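For reference, the structure is listed below as structure tokens.
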Amino acid sequence: GLEARRETGNSRTRIAVRVDRPAAETPDTPMLSGYAGRLLLSTSLIWLAVVSGRLLIPPLLPSIIDDFAISLAAAGLVMTLLQGATGIALFPGGRLSDQLSRSTVILPALGVLTIGVLLIGTAPVYPVLVVGALVYGLGNGLFNITARTLIGDHFVARRGRALGVF
């Protein structure tokens, strides 16, 4: 919980805030127990869906080329933009999650990912597919870095193992 108290004296006001943190995890704590375990499991499942979605596009490129009547280069541009947008979003995503909070960044990132998936999946014309790839890439980059730092925050003693599971 969050506890705040206000102390006054000598014409100064001091506000003290105490935030209860989850119990510290130890090397003996089961990996998927408690809040940290649920967090690891849920972010890992979301990440599995994100990566699966990204990896499903290349095998579909021949169909995408036929459906949109585009060249192989234009189809490759879609993948390049998706991966490029992911890379571009990583640095600002990390900075934002440090400055604001992890949940302030990760929840909108999931929304951006969802919009990207919807645009890619329902694209009636090539430009919508390109925009969908860019949006998906931005959401991917924001989610990726924020989820990793969030897991690292909750698994201090076993950060490497938790990130390996992720």
Side-chain angles (χ1 to χ4, degrees), residues 19 21-22 25 31-166:
V19 178
R21 302 265 182 221
E25 62 89 35
M31 217 43 182
L32 297 178
S33 69
Y35 175 76
R38 290 190 306 274
L39 177 74
L40 177 61
L41 184 61
S42 62
T43 54
S44 296
L45 290 174
I46 292 168
W47 185 240
L48 177 65
V50 169
V51 171
S52 296
R54 192 177 69 222
L55 294 177
L56 284 175
I57 296 173
L60 296 174
L61 285 179
S63 296
I64 291 171
I65 290 169
D66 291 342
D67 291 348
F68 291 101
I70 57 174
S71 68
L72 185 58
L77 179 65
V78 170
M79 289 305 300
T80 301
L81 292 174
L82 189 150
Q83 299 293 18
T86 296
I88 289 169
L90 288 171
F91 179 72
R95 295 279 296 183
L96 283 172
S97 74
D98 287 342
Q99 292 173 348
L100 303 172
S101 73
R102 309 287 186 237
S103 60
T104 303
V105 177
I106 205 165
L107 293 176
L110 289 172
V112 172
L113 273 166
T114 303
I115 292 168
V117 167
L118 291 173
L119 286 171
I120 291 171
T122 62
V125 292
Y126 177 72
V128 176
L129 181 67
V130 169
V131 170
L134 284 168
V135 171
Y136 187 87
L138 290 173
N140 183 14
L142 291 172
F143 178 81
N144 181 347
I145 195 67
T146 307
R148 289 177 191 275
T149 53
L150 184 62
I151 289 168
D153 291 345
H154 288 278
F155 286 92
V156 177
R158 295 179 298 172
R159 182 173 291 142
R161 183 174 293 170
L163 289 172
V165 169
F166 175 76

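All figures in this text were calculated on a predicted structure; none of them were measured in a lab.
Of all non-hydrogen atoms in Ala109 and Phe143, the two that sit nearest each other are CB-N, 3.6 Å. Shown here for Met79 and Arg54, the closest heavy-atom pair between the two residues is CE-O, 4.2 Å. Pairing each heavy atom of Pro92 with each of Ala89, the nearest pair is CD-O, 3.6 Å. Shown here for Ser103 and Pro108, the closest heavy-atom pair between the two residues is O-CD, 4.0 Å. What you find for Val105 and Gly93 is that their closest heavy atoms are CG1-O, 4.2 Å.
To the nearest 0.5 angstrom, Ile65 atom CD1 is 4.5 Å from Leu72 atom CG. One finds the OG atom of Ser44 at 8.5 Å from the CG atom of Leu48 (value rounded to the nearest 0.5 Å). Annotation: the span from Ile88 atom CD1 to Leu134 atom CG amounts to 8.5 Å, rounded to 0.5 Å. Separating the CG atom in Leu138 from the CG atom in Leu82 is a distance of 9.5 Å, to the nearest 0.5 Å. Atoms CG and CG, from Asp153 and Leu39 in turn, are 9.0 Å apart once rounded to the nearest 0.5 Å. One finds the CG atom of Leu40 at 9.0 Å from the CG atom of Leu45 (value rounded to the nearest 0.5 Å).
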> Do Thr43 and Trp47 pass the side chain to side chain contact (heavy atoms under 4.5 Å, CB included) test, and can you show the C-alpha distance, the side-chain angles, and the key distance before you say yes or no?
Replying inline: CA-CA 6 Å; Thr43 54; Trp47 185 240; over 6 Å; no
> Can you check side chain to side chain donor-acceptor pair (under 3.5 Å) on Arg102 and Thr146, steps first, answer last?
Replying inline: CA-CA 6 Å; Arg102 309 287 186 237; Thr146 307; over 6 Å; no
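Side-chain contact between Phe91 and Ile145: absent, with no pair of heavy atoms (C-beta onward) separated by less than 4.5 Å. The shortest distance between side-chain heavy atoms of Leu150 and Ile106 falls below 4.5 Å.
Applying the side-chain hydrogen bond (donor to acceptor under 3.5 Å, both in side chains) rule to Thr104 yields the partners Ser101; only residues at least two apart in sequence or on another chain are considered.
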Acceptor/donor pairs from residues 110-132 side chains to any protein atom, 3.5 angstrom cut, sequence neighbours excluded:
| from | atom 1 | to | atom 2 | distance (Å) |
| --- | --- | --- | --- | --- |
| Thr114 | OG1 | Leu110 | O | 2.8 |
| Thr122 | OG1 | Leu118 | O | 2.5 |
| Tyr126 | OH | Ala74 | O | 2.8 |

